[in-house]
K.L.:
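Quick one: this structure, given as structure tokens, is what I'll be asking you about.
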Amino acid sequence: MSINAKETYSKFIKEEAKRLGFLSCGISKAGFLEDEAPRLEKWLNNNHNGQMAYMENHFDKRLNPTLLVDDAKSVVSLLLNYFPSEFQNDNSFKISKYAYGQDYHFVIKEKLKELLHSIEENIGAVSGRAFVDSAPILDKAWAAKSGLGWIGKNSNLITQKVGSFYFIAELILDLELEYDHAVTDHCGSCTACIDACPTQAILAPYIVDGSKCISYYTIELKENIPHEMKGKFDEWMFGCDTCQDVCPWNRFSKPHAEPLFNPNPDLLSFSKQDWMDITEETFRKVFKNSPIKRTKFEGLKRNINFLE
Ligand code: SF4
Ligand code: SF4
């Protein structure tokens with residue numbers, strides 16, 4: 001394939017991504033993630049994944065999408081903004097902003113399907129697979145490799161223009177494209193995220209112990225939350241945004257334009273007392289199609305009881 005064709009295809013894919021509402025799109029050659037391999041291995045060996053056993057599965061595929069998708073040539077990474085325009089009331093138990101609206105898996109999958117369809121219509125028979133947090137893919141590493149941002153000391157992907165409140169998704173295609181390059185790390189001497197983490201889960205710059213993170217305790221952990229964590233959750237009842245909220249680059253976050261990410265009004269107005277009194281019926285109404293359904297009613301109640 002000529003360089004010109006690759007350039008034209010890449011440009012087309014990026015323009016289509018913009019049209020579909022993605023913040024940005026970057027492309028990398030599919031292959032083994034050499035730099036990530038020792039990091040992932042060390043992280044797993046230190047049990048920083050806690051009970052998230054799925055992180056240990058498919059180790060090789062996780063590092064190499066060509067083992068996951070036949071004839072994979074390119075990884076197209078996409079960011080979709082979820083930063084809200086309205087927030088929960090101050091006297092409330094907190095929910096991570098990514099979970100305010102409808103489940104992002106469905107919202108993004110639809111957009112990826114449309115993007116793939118448009119690529120097939122305009123470029124030709126292309127085989128590809130879409131991923132949203134759903135397969136063994138190191139999405140942040142691919143997005144960083146594709147120049148969409150750098151992985152910050154809090155382990156989130158950060159951009160100078162819009163901070164870090166966005167979802168990351170990928171299309172893996174059997175099509176050769178023009179590839180982007182990584183950008184520079186702009187964390188510098190800042191340690192705001194490390195200093196602010198309520199459970200000291202950021203052990204050192206760029207090393208987050210997932211098994212100490214409030215997101216893990218409130219979403220992934222199936223058992224009771226360990227007693228020694230009592231009083232440390234800073235009112236988070238589903239997920240935690242502290243290390244993103246304090247990141248200076250998030251001063252540049254702008255509200256999303258995706259109506260499906262707008263929350264049920266009750267989610268914003270509920271006080272601590274309202275959450276403590278929540279019934280299963282209200283839970284189903286407020287969190288219809290929400291990612292919070294993942295914890296189920298009992299899980300959310302457990303988290304709320306832990307904060308009382
Ligand atoms: S999400 Fe919260 S608990 Fe987890 S590392 Fe960030 S600040 Fe710490
Ligand atoms: S808070 Fe500071 S150190 Fe942490 S990710 Fe943001 S810029 Fe980097």
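Note that the structure is predicted; figures quoted are calculated from it, not measured. Counting starts at 1 for both ligands and their atoms, in listed order.
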K.L.:
Do Y179 and S10 have side-chain N/O donor and acceptor atoms under 3.5 Å apart?
P.N.:
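No, no side-chain donor-acceptor pair sits under 3.5 Å.
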K.L.:
Within the 4.0 Å heavy-atom shell around I158, which atoms of ligand 2 are there?
P.N.:
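Taking each heavy atom of I158 in turn, ligand 2 has 5 (S) under 4.0 Å.
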K.L.:
What residue and heavy atom of the protein are closest to atom 6 (Fe) of ligand 2, and at what distance?
P.N.:
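In this structure, atom 6 (Fe) of ligand 2 has C247 SG, 2.4 Å as its nearest protein heavy atom.
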K.L.:
Taking atom types as modelled, is there a side-chain donor on N91 or S271 under 3.5 Å from an acceptor on the other?
P.N.:
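Side-chain D/A pair, N91 to S271: absent.
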K.L.:
Please check if atom NZ in K254 has more than 12 non-hydrogen atoms from other residues, nucleotides or ligands closer than 6.0 Å.
P.N.:
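Yes.
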K.L.:
Sequence neighbours excluded, which residues qualify as side-chain contact (heavy atoms from CB on, under 4.5 Å) partners of L23?
P.N.:
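L23: side-chain contact (heavy atoms from CB on, under 4.5 Å) contacts with L79, N81, V162, Y166.
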K.L.:
Under 2.8 Å from atom 2 (Fe) of ligand 1, which protein N, O or S atoms are there? Could you list them by chain and number?
P.N.:
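Listed by chain and number: C240 SG.
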K.L.:
Looking only at protein heavy atoms, identify the closest one to atom 4 (Fe) of ligand 2 and say how far it is in Å.
P.N.:
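Result: C193 SG, 2.3 Å.
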K.L.:
Which atoms of ligand 2 sit under 4.0 Å from any heavy atom of W249?
P.N.:
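Contacts of ligand 2 toward W249, numbered from 1: 7 (S).
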K.L.:
Can you name the residues that form a ring-ring contact (aromatic ring centres under 6.0 Å, His included) with F297, not counting sequence neighbours?
P.N.:
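With neighbours one apart ignored, the set is F283.
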K.L.:
Please list all pairs passing the salt bridge (charged side-chain N to carboxylate O under 4.0 Å, His left out) test where one or both residues lie in residues 217-237, with sequence neighbours left out.
P.N.:
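Sorted result for residues 217-237: K94-D234, E220-R294, E235-K272.
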K.L.:
So does C190 have any N/O/S atom less than 2.8 Å away from atom 6 (Fe) of ligand 2?
P.N.:
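So C190 does not bind atom 6 (Fe) of ligand 2 by this criterion.
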K.L.:
Can S77 and E170 be counted as having a side-chain donor-acceptor contact under 3.5 angstrom?
P.N.:
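No donor-acceptor contact under 3.5 Å links the two side chains.
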K.L.:
Starting from atom 8 (Fe) of ligand 2, locate the nearest protein heavy atom and write down its residue, its atom name and how far away it is, to 0.1 Å.
P.N.:
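Closest protein heavy atom to atom 8 (Fe) of ligand 2: C187 SG, 2.3 Å.
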K.L.:
Would you say CG of N45 has more than 12 non-hydrogen atoms from neighbouring residues, nucleotides or ligands within 6.0 angstrom?
P.N.:
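Check passes, neighbour count above 12.
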K.L.:
If you measure only the distance, is there a donor-acceptor pair under 3.5 Å linking the side chains of W275 and S92?
P.N.:
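Result is yes, a qualifying pair exists.
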